[in-house]
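Whatever order the structure lists ligands and atoms in, that order sets their numbers, starting from 1.
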Amino acid sequence: MPETKQETESLRARLEEVQRRIEASARRVGRDPSEVTLIAVSKTHPAHVLREAQAAGASVFGENRVQEAEAKIEELGRGEGTRWHLIGHLQANKARRAVRLFDCIHSIDSTELAGRLERLCVEEERESLDVLIQIDLAGEETKSGASEEKLPALVASFGECQRLRLKGLMILPPFGEDAEQSRPFFRRLRELRDELHARDVFKGGAGELSMGMSHDFETAIEEGATMVRVGTAIFGSRKPRGLR
Ligand SMILES: *Cc1c(COP(=O)(O)O)cnc(C)c1O
């Protein structure tokens, strides 16, 4: 079903509005807006909608399921102007395909997963793969992410990796309507990033901070986010899975 002209224009308008808000919040705290990468979180939305976003200027897409992303990547392509980030939990049995498909994986939460991805990069002849460690600072049982206690061992395990490039940290704080509820989590993630950067663990840079979603990305930028993962504010609300 092709989008109507009106829907296309509203997608463009929403994308521009998000970009404007990113710029404004960066400037508010004296940051250069170009330090912030917008990841358009396109999960659940069909490829033709992603194409509209691509035409409107979106160049980095975030997906949380390998299988769903695969078909879209095939359709939209992957290259300089179209990057794909895996932002959801990665199951071991999907790891090989993730290595083939994604430019960056945000959800490394165990030494086992890091080790597996490193081996798969060798097998798949992938020279390098950018990854982020997902941290769970709230101790939420249902969420993936490494605890702060496990972080040192996980970071140390990257010492043995030739192909995985640890680029930074990611967080998905407990959801609260009020963006201010996320602020302490963003702040703590930044402190952890700074500590790790002081030990020079990040490959080629000061360490990315992947934090902030539709309801709290401005707060995240104020706290130092370098990647914001925005879905609803660009694409509108998602239909519940299963009803698609
Ligand atoms: C879905 C999702 C987002 C985007 O959420 P919105 O509220 O739609 O902006 C960001 N990060 C992760 C990990 C997600 O799964």
Side-chain angles (χ1 to χ4, degrees), residues 10-11 13-22 25 36-46 49-50 52-53 56 58-70 72-73 83-91 94 98 101-110 113 130-138 140-146 167-183 185-186 189-190 208-244:
S10 63
L11 174 59
R14 284 193 301 258
L15 182 63
E16 281 170 3
E17 174 64 8
V18 167
Q19 279 157 343
R20 192 197 59 71
R21 286 167 62 193
I22 288 173
S25 38
V36 184
T37 300
L38 171 61
I39 300 176
V41 177
S42 47
K43 64 189 185 195
T44 80
H45 297 287
V49 173
L50 277 66
E52 306 290 351
S59 59
V60 186
F61 291 96
E63 288 280 333
N64 68 346
R65 292 186 178 191
V66 175
Q67 196 162 338
E68 180 183 331
E70 190 163 30
K72 296 180 189 175
I73 294 171
R83 300 285 184 202
W84 297 88
H85 288 211
L86 181 67
I87 60 171
H89 178 68
L90 177 57
Q91 288 168 300
K94 302 275 169 59
L101 290 167
F102 290 96
D103 296 291
C104 180
I105 298 177
H106 290 225
S107 48
I108 309 304
D109 61 0
S110 70
L113 181 58
D130 289 351
V131 299
L132 308 179
I133 291 178
Q134 181 178 354
I135 303 190
D136 171 18
L137 292 174
E140 290 181 287
E141 290 279 314
T142 53
K143 248 178 218 166
S144 45
K167 300 294 277 188
L169 305 176
M170 181 270 223
I171 192 166
L172 188 63
F175 185 83
E177 290 293 330
D178 182 358
E180 285 304 318
Q181 289 174 252
S182 303
R183 193 183 293 277
F185 294 97
F186 295 155
L189 198 72
R190 181 193 180 137
E208 304 282 349
L209 283 172
S210 168
M211 57 192 199
M213 305 165 48
S214 289
H215 71 290
D216 59 7
F217 70 87
E218 288 154 308
T219 308
I221 291 169
E222 288 169 10
E223 296 299 332
T226 64
M227 294 175 170
V228 290
R229 310 178 308 265
V230 180
T232 311
I234 297 171
F235 293 104
S237 60
R238 290 178 290 271
K239 295 184 184 72
R241 293 197 184 261
L243 296 179
R244 276 183 286 152

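Of the possible donor and acceptor atoms, one in the side chain of S110 sits under 3.5 Å from a partner among the backbone N and O of L113.
No side-chain heavy atom of Q91 sits under 4.5 Å from any side-chain heavy atom of V66. Within the 4.5 Å cutoff, side-chain heavy atoms of H215 are placed close to those of S182.
Screening residues 229-238 for side chain to side chain donor-acceptor pair (under 3.5 Å) gives S210-R229 as the qualifying pairs, with residues at least two apart or on separate chains.
By the salt bridge (charged side-chain N to carboxylate O under 4.0 Å, His left out) test, D136 is found to be paired with no residue, residues two or more places apart in sequence or in another chain being considered. Residues passing the salt bridge (charged side-chain N to carboxylate O under 4.0 Å, His left out) test with R14, sequence neighbours excluded: none.
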Quick check on ligand 1: any N or O pairs to the protein under 3.5 Å? One line per pair.
from     : atom 1 : to   : atom 2 : distance (Å)
ligand 1 : 8 (O)  : T232 : N      : 2.8
ligand 1 : 8 (O)  : T232 : OG1    : 2.5
ligand 1 : 8 (O)  : R238 : NH1    : 2.7
ligand 1 : 8 (O)  : R238 : NH2    : 3.2
ligand 1 : 9 (O)  : S214 : N      : 3.0
ligand 1 : 9 (O)  : S214 : OG     : 2.5
ligand 1 : 9 (O)  : G231 : N      : 2.8
ligand 1 : 11 (N) : R229 : NE     : 2.9
ligand 1 : 15 (O) : K43  : NZ     : 2.7

